[in-house]
A.B. asks: 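Once you've had a glance at the structure underneath, I'll fire off some questions.
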Amino acid sequence: MRLIFSFLPCILRLNAETHENIMTDTKTLYAAYAGTIENALEALVAEGTLPDGTSFANVTLEPPRDASHGDLATNAAMVLAKPAKTNPRALAEALAAKLEAHDGIASADIAGPGFINLRLDPAAWLGELEAINRLGDEYGRSTMGEGRTVNVEYVSANPTGPMHMGHCRGAVVGDALASLLELAGHTVIREYYINDAGGQVDTLARSAHLRYREALGEDIGEIPEGYYPGDYLIPIGEALAKELGDKHQNEPEEEWLPYFRAEAVEKMMDLIKSDLALLGIHHDVFASEAALHAAGKPDEAEAWLRAHDLVYDGVLEAPKGKAPPEDWEPVELPLFRSTKFGDDQDRPIKKSNGKWTYFGADLAYHIQKAENADELIDIWGADHAGTVKRIKAAVAALSEGKGTPTPFDVKLVQMVQLMRGGEPVKMSKRSGNFITIADMVDEVGKDVVRFTMLTRKPEAQMEFDFAKVVEASKDNPVWYVQYAHARIQSTLRKALEEEGVSPSAANLDQLGAEEITLIQRAAQFPREVEAAAKAREPHRIAFYLYDLATDLNAFYSLGNTAVEKRFIVKQDKGLSGARLFLADSIGQVLRNGLRVLGVEAVDRM
RNA sequence: GCGCCAGUAGCUCAGCUGGAUAGAGUACCUGACUACGAAUCAGGCGGCCGGAGGUUCGAAUCCUUCCUGGCGCGCCA
């Protein structure tokens with residue numbers, strides 16, 4: 001069987017006879033009805049209404065745009081009319097007739113160009129409410145990923161200083177994406193690539209040595225040009241002085257450089273890890289570029305590429321457009337044929353001094369990652385957009401050459417403009433004077449930083465205004481979602497303490513249309529998880545949670561003018577128990593969503 | 001000159017990978033608290049989805065081409 005519904009590739013094995021088990025099953029409601037539709041379509045195939053082998057890949061099951069249209073809508077008739085050589089409405093009638101015969105389906109109406117709108121028996125939605133309660137933290141988990149291992153590489157900041165604002169968005173997006181893919185049934189490796197082999201780490205080592213001499217009492221004066229000036233190196237120098245005494249103070253550079261480099265990188269990584277921990281981020285693997293070189297991986301890759309005529313020795317043309325640099329000289333270098341894959345220029349994998357370029361090492365690194373993963377995802381800053389084509393080309397060529405090609409996706413995150421009350425915050429990395437992640441978390445808190453970074457799609461630029469993100473209002477999504485959760489918890493506490501009532505599924509049949517509207521939103525969570533995971537867009541979960549919070553608050557407010565619509569109805573413990581069961585379940589979904597984002601669901605605020 | 005990303009309500013942004021009458025927040029106007037948390041809720045106003053062609057039952061979404069803004073364009077990382 002090929003598939004099927006694009007958002008639920010692997011849960012659709014139900015057959016019609018098991019329908020009555022749907023509500024007691026672990027399958028969530030959308031998955032169950034997607035299965036029902038698929039069965040109906042297969043029946044049409046068996047009857048000859050649809051040709052054998054018809055693909056259902058474009059068939060969707062969604063909530064209708066307008067609630068008055070019903071509970072669920074499918075486009076099946078429109079998508080399949082062409083292969084069936086009929087018109088959408090005729091096919092819709094055949095399909096609707098089959099669907100209407102099912103127990104849980106109250107009606108199947110044809111609308112517009114051929115949509116089929118389904119209305120479900122209320123019991124179906126109440127069953128979903130019980131599913132949320134029963135599955136708890138697991139509600140929303142999907143088997144979509146089929147256990148495939150995905151390596152998500154994110155942050156990978158150079159180990160030359162603390163994490164600053166520029167790293168923040170990629171860090172949060174990468175981490176949330178990793179969690180999202182886990183929830184969607186993948187095995188995820190969170191990986192960080194340490195660029196500990198280039199010229200920058202030599203600069204770091206020299207800067208650390210300078211601070212070391214300073215710690216030994218030397219007057220180093222102003223930090224000279226070409227050194228990292230930041231204060232964060234002072235404690236590193238002090239630690240090295242304490243550890244080593246003065247034995248490296250007056251040695252020539254080649255004596256101390258390798259050791260200082262290794263020490264400084266290690267200490268910088270400790271710093272970076274503690275910064276990441278402030279954001280709740282922990283990687284599984286820290287891969288060293290130096291170790292990659294030591295293992296000869298780039299040489300292996302080069303040999304393979306040369307053998308397949310994908311690397312040759314050639315001369316690059318001077319850059320076009322802007323005036324070429326004055327010191328431009330044509331030099332013969334080993335070049336990767338990235339033009340064969342749509343790049344505008346072939347790219348050198350080695351420098352004229354014989355060392356590997358970043359790209360030369362990076363392609364070998366990706367092959368290393370592919371050894372332990374079925375799919376690769378990189379999260380990069382948009383300033384590296386120009387290098388996407390070459391690395392994708394190289395990975396495609398190399399991974400295909402070594403067997404099956406490894407799917408590889410590069411997600412670019414755009415810059416964040418820091419603001420304070422509408423004014424841009426100036427920062428200059430050169431002066432060593434920049435806003436660090438530690439500063440940000442200290443000022444507004446981890447949850448605010450994380451959630452805010454996820455309230456725009458990553459490939460669009462965004463502003464982060466220190467004043468706005470801590471506002472306590474509906475305009476601030478972090479606050480609003482947490483408020484909804486706190487409100488639920490407060491209600492549950494109050495019900496128990498003052499009325500002695502707890503959530504109970506005993507009287508769910510007392511819940512009406514307004515409650516079911518809320519359940520319908522909650523029931524979309526598993527679907528949102530799969531759609532977001534498929535698109536690799538964790539921000540969708542943030543927007544979904546905001547919508548769910550809106551619905552919760554709307555329902556809650558009904559009780560302001562109508563006491564009988566409150567969660568706690570004083571004279572009616574049965575109804576109260578059912579409503580609290582609903583409240584508890586909405587809280588559960590909010591928690592599950594927030595967990596993907598790495599944001600805490602607070603009980604009070 | 002080339003590449004990538006963006007352009008949707010006055011402003012900040014969604015839009016479920018091609019579906020029904022394009023949605024939220026904000027701002028502005030109107031209404032709702034002897035509170036299960038009003039830091040909230042309900043309603044109103046507001047659109048040539050940057051422009052122009054095309055693809056098809058159907059386009060904000062896909063293709064072509066312009067316009068505007070951001071990022072990038074030796075062997076840096």
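A note on names: the letters A, B, ... follow the listed sequences, proteins ahead of strands, and every chain is numbered from 1.
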A.B. asks: Sugar-phosphate atoms are those with a prime plus P, OP1 and OP2; base atoms are the rest. Using that split, label each nucleotide of nucleotides 22-33 of chain B B, S or - for protein heavy atoms under 4.0 Å, 5' to 3'.
C.D. replies: -SSSS-----S-

A.B. asks: Mind checking side-chain hydrogen bond (donor to acceptor under 3.5 Å, both in side chains) for Gln524(A) and listing every partner two or more places apart, or none if nothing turns up?
C.D. replies: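 Per chain and number, Gln524(A) pairs via side-chain hydrogen bond (donor to acceptor under 3.5 Å, both in side chains) with no residue.
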
A.B. asks: Report all side-chain donor-acceptor pairs from residues 80-93 of chain A shorter than 3.5 Å, counting only partners two or more places apart or in another chain.
C.D. replies:
{"unit_1": "Asn87(A)", "atom_1": "OD1", "unit_2": "Arg89(A)", "atom_2": "N", "d": "3.1"}
{"unit_1": "Asn87(A)", "atom_1": "OD1", "unit_2": "Ala90(A)", "atom_2": "N", "d": "2.9"}
{"unit_1": "Arg89(A)", "atom_1": "NH1", "unit_2": "Gly112(A)", "atom_2": "O", "d": "2.7"}

A.B. asks: Expected output is a numbered-order residue list: members of residues 81-93 of chain A with a heavy atom under 4.0 Å from any atom of RNA chain B. What is it?
C.D. replies: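 Contacts with RNA chain B under 4.0 Å: Lys82(A).
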
A.B. asks: Can you name the residues that form a salt bridge (charged side-chain N to carboxylate O under 4.0 Å, His left out) with Asp572(A), not counting sequence neighbours?
C.D. replies: none

A.B. asks: Which stems does RNA chain B form, counting runs of 3 or more consecutive Watson-Crick or G-U wobble pairs with both distances under 3.5 Å?
C.D. replies: B:1-7 with B:67-73, B:10-13 with B:23-26, B:28-32 with B:40-44, B:50-54 with B:62-66

A.B. asks: Under the rule for salt bridge (charged side-chain N to carboxylate O under 4.0 Å, His left out), what residues qualify as partners of Asp378(A), not counting sequence neighbours?
C.D. replies: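 Once residues adjacent in sequence are excluded, the partners of Asp378(A) under the salt bridge (charged side-chain N to carboxylate O under 4.0 Å, His left out) criterion are Lys369(A).
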
A.B. asks: Using the side-chain contact (heavy atoms from CB on, under 4.5 Å) criterion, which residues pair with Lys392(A)? Sequence neighbours excluded.
C.D. replies: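 For Lys392(A), the residues satisfying side-chain contact (heavy atoms from CB on, under 4.5 Å) (neighbours in sequence not counted) are Val388(A), Phe408(A), Asp409(A), Val410(A).
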
A.B. asks: Rounded at 0.5 Å granularity, tell me how far CE in Met144(A) sits from CG in Leu183(A).
C.D. replies: 9.5 Å

A.B. asks: Tabulated below should be each protein N or O lying under 3.5 Å from an N or O of nucleotides 5-12 of chain B; please produce it.
C.D. replies:
{"unit_1": "C5(B)", "atom_1": "O2'", "unit_2": "Glu459(A)", "atom_2": "O", "d": "2.4"}

A.B. asks: Scan residues 554-567 of chain A for pairs that pass side chain to side chain donor-acceptor pair (under 3.5 Å), counting only residues two or more places apart or in two chains.
C.D. replies: Glu514(A)-Lys565(A)

A.B. asks: Output all residues satisfying side-chain contact (heavy atoms from CB on, under 4.5 Å) with Ala361(A), sequence neighbours left out; order by chain, then residue number.
C.D. replies: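 Listed in chain order: Tyr193(A), Glu289(A), Leu292(A), His293(A).
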
A.B. asks: Of all residues at least two apart in sequence or in a different chain, which pass the side-chain contact (heavy atoms from CB on, under 4.5 Å) check with Arg306(A)?
C.D. replies: Glu302(A), Val311(A), Asp313(A), Pro334(A)

